[in-house]
Amino acid sequence: MAIRKILLPLTGTAAGEAALATALMIARRWNAHVLALHVRVDSRDVAPLAGEGLSGAMIEEMMSATEKESAERAHAVRTMFEQFVARHNVEVQEAHSVLDHPTSSFAAVTGREEDIVAQQARLADLTVVPHPDSGDDVSSSDALHAVLFDSGRPVLISPRSIPPSIGTRVCLAWNGTAESASSVTAAMDWMLRAEAVAILTAEGYQRRGPGAPDLAAYLSLHGIAAETITFRAVGGSVGAGLLAAATDFRCDLLSMGAYSHSRLRQLILGGVTRHVLENAALPVMMNR
């Protein structure tokens, strides 16, 4: 599917500018519109969390502090957006049906981030999220998981630093599941424009379902000549082997299904999705 609208949730993290740069790189490639969305915390949500034993004055003080911090963060995020698009000569306007150049806009709303982002993502062709901060637990990235589990749309995780290119050498992480099949559909137009395409497969990664040769035959019907690469686990980790194979291919876009096993199991035992989220240094597009 051609990309016309890109959603970019911005929370003010250090990775936000790299995500903005990644989103605008994609917009330039597709002449798309980037909607940068900042969700402010609703100070009223603090009250139920305050617990018993706090006076009304104490709760009011907590709400006031939350409102102040939220306003400061919203201002910082908007300033970052405005300065970035000005430096890179990106036109700021509302989305338009006929575009021959990339455009962008900024919106700030108040509410629960995971709910609002998931709802907005349902009418975006792609959602780009900042890479989780290195000091944070990747499982706590609300926007990322909200899009994965509650939008029906692909999500692209930006690397920590601005990538030199995106979508010229595409890898498909294939294991025969419905999730990986969705990732093929999401990457189809990328592959049609790419210089090279590879299918990454491994015995320890393949589940019940069509194998890599079946996928290669399917892609050939769409005019895509894909190389099949069989990788091995690295240090007992399939995820590490997958990323090593992508690096060897000089991949600048990895498309894969997410959480073929349950999310809870991956959080407890680890898994390919979790390893990629924590360790990938390239743009990764995921589907659920």
Side-chain angles (χ1 to χ4, degrees), residues 1-38 77-96 99-107 117 120-121 124-133 141 143-144 147 153-173 183 186-198 243 246-247 249-256 276-277 280-287:
M1 180 177 62
I3 296 173
R4 302 298 290 162
K5 180 181 177 182
I6 301 166
L7 178 67
L8 174 64
L10 288 175
T11 60
T13 65
E17 187 162 329
L20 181 54
T22 300
L24 289 176
M25 286 178 65
I26 298 170
R28 290 186 191 282
R29 189 173 177 86
W30 295 92
N31 287 332
H33 180 81
V34 176
L35 170 59
L37 176 68
H38 177 68
V77 170
R78 179 158 202 143
T79 298
M80 178 191 71
F81 169 82
E82 291 176 346
Q83 291 178 347
F84 190 94
V85 296
R87 287 199 309 270
H88 293 84
N89 298 314
V90 179
E91 184 177 350
V92 178
Q93 66 169 59
E94 293 303 309
H96 194 275
L99 285 178
D100 58 3
H101 60 281
T103 59
S104 63
S105 60
F106 182 90
V117 170
Q120 291 293 318
D125 299 310
L126 180 67
T127 297
V128 176
V129 298
H131 194 286
D133 289 338
S141 179
L144 165 62
V147 178
R153 298 287 191 161
V155 57
L156 187 141
I157 299 93
S158 168
R160 291 181 177 88
S161 56
I162 300 172
S165 63
I166 184 168
T168 63
R169 298 181 65 83
V170 177
C171 282
L172 297 173
S183 76
M188 188 64 73
D189 280 346
W190 287 98
M191 291 187 286
L192 289 169
R193 294 187 176 201
E195 298 170 3
V197 176
L243 290 180
T247 299
F249 186 72
R250 293 182 289 116
C251 171
D252 60 4
L253 179 62
L254 172 63
S255 185
M256 63 181 292
V276 170
L277 286 174
L282 74 161
V284 177
M285 184 166 60
M286 289 188 172
N287 282 77

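Positions are given from 1 along the sequence. Worth saying up front: this structure is predicted, and the values here are computed from it rather than measured.
Counting all heavy atoms, side chain and backbone alike, Val34 lies closest to Ala23 at CG2-O, 3.8 Å. Of all heavy-atom pairs between Ser165 and Asp252, the closest is OG-OD2, 2.7 Å. Between Asn287 and Ala186, the shortest heavy-atom contact is OD1-CB, 3.4 Å. Residues Gly16 and Leu10 share a closest heavy-atom pair of O-CD2, 3.8 Å. Ile6 approaches Ala27 most closely through the heavy-atom pair CD1-N, 3.8 Å. Between Ala32 and Lys5 the shortest heavy-atom distance is CB-N, 4.4 Å.
For Phe249, there are no ring-ring contact (aromatic ring centres under 6.0 Å, His included) partners, not counting sequence neighbours. Applying the salt bridge (Lys or Arg N to Asp or Glu O under 4.0 Å) criterion to Glu195, with sequence neighbours excluded, gives no partner residue. Residues meeting the ring-ring contact (aromatic ring centres under 6.0 Å, His included) test with His101, sequence neighbours left out: none.
Under the 4.5 Å side-chain criterion, counting only non-hydrogen atoms from C-beta, Pro159 is in contact with Pro283. Within the 4.5 Å cutoff, the side chain of Val276 has heavy atoms near those of the Leu243 side chain. The shortest side-chain heavy-atom distance between Val129 and Pro9 falls under the 4.5 Å cut-off. With contacts defined as side-chain heavy-atom distances shorter than 4.5 Å, the pair Met25/Arg28 does not qualify. Side-chain contact between Leu24 and Val90 is present, with heavy atoms from C-beta onward closer than 4.5 Å. Between Leu282 and Cys251, some side-chain heavy-atom pair lies under the 4.5 Å cut-off. Residues Thr127 and Leu156 fail the side-chain proximity criterion, which asks for heavy atoms closer than 4.5 Å. At least one side-chain heavy atom of Met286 sits less than 4.5 Å from a side-chain heavy atom of Val284.
A salt bridge links Arg87 with Glu17: at least one charged nitrogen is closer than 4.0 Å to a carboxylate oxygen.
Checked by atom type, the side-chain pair His33/Thr103 shows a donor-acceptor distance below 3.5 Å. No side-chain donor from either of Thr11 and His38 sits under 3.5 Å from a side-chain acceptor of the other.
Within 6.0 Å of atom CZ in Arg193, more than 12 heavy atoms from other residues, nucleotides or ligands are found, so the atom counts as buried in its surroundings.
Taken to the nearest 0.5 Å, the CE atom of Met285 stands 3.5 Å off from the OG atom of Ser255. Residue Ile3 holds its CD1 atom at 8.0 Å from CG of Asp189, rounded to the nearest 0.5 Å. We find the CG-CG distance between Leu7 and Leu37 to be 5.5 Å, quoted to the nearest 0.5 Å. The line from CD of Gln93 to OG of Ser104 is 8.5 Å long, rounded to the nearest 0.5 Å. Between the OG atom of Ser183 and the CE atom of Met188 there is a distance of 10.0 Å, given to the nearest 0.5 Å. To the nearest 0.5 angstrom, Ile26 atom CD1 is 11.5 Å from Asp125 atom CG.
In this structure, the side chain of Arg29 engages the main chain of Gly167 through a donor-acceptor pair within 3.5 Å. With hydrogens and angles ignored, the 3.5 Å screen pairs a side-chain donor or acceptor of His131 with a backbone N or O of Leu277. Between the side chain of Arg4 and the backbone N or O of Asn31, at least one donor-acceptor pair lies under 3.5 Å.
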>> One pair to check against side-chain contact (heavy atoms from CB on, under 4.5 Å): Phe106 and Val77. What are the steps and the verdict?
In response: CA-CA 10 Å; Phe106 182 90; Val77 170; 3.8 Å; yes
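Ring-plane geometry between Trp190 and Trp30 is classed as perpendicular, the angle between the planes exceeding 60 degrees on a 0 to 90 degree scale with a lower cut at 30.
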